[in-house]
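Since the structure is predicted, the reported quantities are computational estimates derived from the model, not experimental observations.
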Amino acid sequence: MDTDALTVSWQVLRAAAQLVEGIQNHLLSKGFDDVRPVHGYAFARISAGGATVIDVAEHLGVTKQAASQLVDQLVQRGYVTREPHPDDARARLLTLTARGRACTRAAERAATGVVAGWREEMGAKDFAVLQRALGAVVSPGPVRPAW
């Protein structure tokens, strides 16, 4: 058994969990008590623009029905609106509301704060090494919740 590989695996997973927990705690403190981490992953796709429920489903790696339920929650809670799609009468474009944009900005500030804490604890030089190392091994692609 490769204990180094297991240790690194757990450290990377714990770092991701720390980031998600930091964002969630900050959102709660700012009054966004009706969103969960999975909503943030949906916000990421919706905020990029041009998103439909099918796009959210593909982004999250879930069925259209599961994405539709998630979007329904976000609409009911005032974070997202459904607008007519200019090119497809059957589809609806998803757009963040002012509340959705405020929540997204709060999440971005929280993520920045968590990472700034890591930088401060590690020092700028070691943090730069971490950044380069992660850049070398992490593949580009959507960030999805670990269902």
Side-chain angles (χ1 to χ4, degrees), residues 5-122 124 126-128 130-147:
L6 289 176
T7 299
V8 169
S9 297
W10 282 112
Q11 288 170 329
V12 169
L13 290 171
R14 186 62 198 128
Q18 252 184 298
L19 183 59
V20 170
E21 290 164 5
I23 293 169
Q24 190 67 24
N25 290 337
H26 182 76
L27 291 177
L28 287 170
S29 76
K30 296 299 180 188
F32 299 105
D33 59 354
D34 56 351
V35 292
R36 301 291 170 261
V38 68
H39 296 131
Y41 294 100
F43 282 162
R45 176 58 190 96
I46 295 167
S47 67
T52 64
V53 168
I54 291 172
D55 296 321
V56 171
E58 289 172 359
H59 179 76
L60 297 176
V62 299
T63 65
K64 181 184 171 204
Q65 292 77 13
S68 185
Q69 288 176 349
L70 184 68
V71 168
D72 286 345
Q73 292 173 357
L74 295 173
V75 169
Q76 291 166 2
R77 296 172 187 178
Y79 292 99
V80 172
T81 61
R82 289 185 178 101
E83 306 295 331
H85 195 291
D87 302 324
D88 184 350
R90 297 168 297 162
R92 308 286 276 170
L93 280 179
L94 305 174
T95 306
L96 293 179
T97 63
R99 181 169 171 77
R101 288 188 304 276
C103 184
T104 300
R105 284 191 303 273
E108 289 168 353
R109 283 191 300 275
T112 298
V114 170
V115 173
W118 294 344
R119 182 183 292 120
E120 185 177 314
E121 189 169 323
M122 296 176 72
D126 286 343
F127 184 81
L130 174 64
Q131 252 186 312
R132 282 192 302 278
L134 289 172
V137 298
V138 175
S139 302
V143 178
R144 297 179 171 148
W147 303 102

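- Nearest heavy-atom pair, Arg119 versus Phe127, reported as atom, atom and distance to 0.1 Å: NH2-CE2, 3.3 Å.
- Under the rule for a side chain to side chain donor-acceptor pair (under 3.5 Å), the partners of Asp72 that lie at least two apart in sequence or sit in another chain are Arg82.
- Pairing each heavy atom of Leu27 with each of Ala107, the nearest pair is CD2-N, 3.7 Å.
- In this structure, Lys30 NZ and Arg109 CZ are separated by 7.0 Å, a value rounded to the nearest 0.5 Å.
- In terms of the side chain to side chain donor-acceptor pair (under 3.5 Å) criterion, Gln131 has no residue partners (sequence neighbours excluded).
- Heavy atoms only, all atoms of each residue included: Phe32 and Ala106 are closest at CE1-CB, 4.0 Å.
- Annotation for Arg36 and Gln24: closest pair C-OE1, 3.7 Å, computed over non-hydrogen atoms.
- A salt bridge links Glu21 with Arg14; the closest basic N to acidic carboxylate O contact falls under 4.0 Å.
- How far CG of Leu28 is from CG of Asp34: 9.5 Å, rounded to the nearest 0.5 Å.
- The side chain to side chain donor-acceptor pair (under 3.5 Å) test applied to Gln11 returns no partner, not counting sequence neighbours.
- Listed here is the closest heavy atom pair of Leu96 and Arg101: O-NH1, 2.9 Å.
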Per-pair distances, 0.1 Å, donor-acceptor, side chain in residues 47-65, under 3.5 Å, sequence neighbours excluded:
from  : atom 1 : to    : atom 2 : distance (Å)
Ser47 : OG     : Phe43 : O      : 3.0
Ser47 : OG     : Ala44 : O      : 3.2
Thr52 : OG1    : Ile54 : N      : 3.4
Thr52 : OG1    : Asp55 : N      : 3.3
Thr52 : OG1    : Asp55 : OD2    : 3.1
Asp55 : OD2    : Thr52 : N      : 2.9
His59 : NE2    : Tyr41 : O      : 3.4
Thr63 : OG1    : Ala66 : N      : 3.0

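- Scanning for side-chain contact (heavy atoms from CB on, under 4.5 Å) contacts around Asp88 gives His85, Arg90, Ala91, with sequence neighbours left out.
- The nearest pair of heavy atoms linking Val114 to Gly22 is CG2-CA, 3.9 Å.
- Panel note: side chain Arg92, backbone Ala89; no donor-acceptor pair is recorded below 3.5 Å.
- Listed by first and then second residue, the ring-ring contact (aromatic ring centres under 6.0 Å, His included) pairs that reach into residues 7-29 come to none, sequence neighbours excluded.
- Of the inter-residue distances, the one linking Leu74 atom CG with Ile46 atom CD1 reads 5.5 Å to the nearest 0.5 angstrom.
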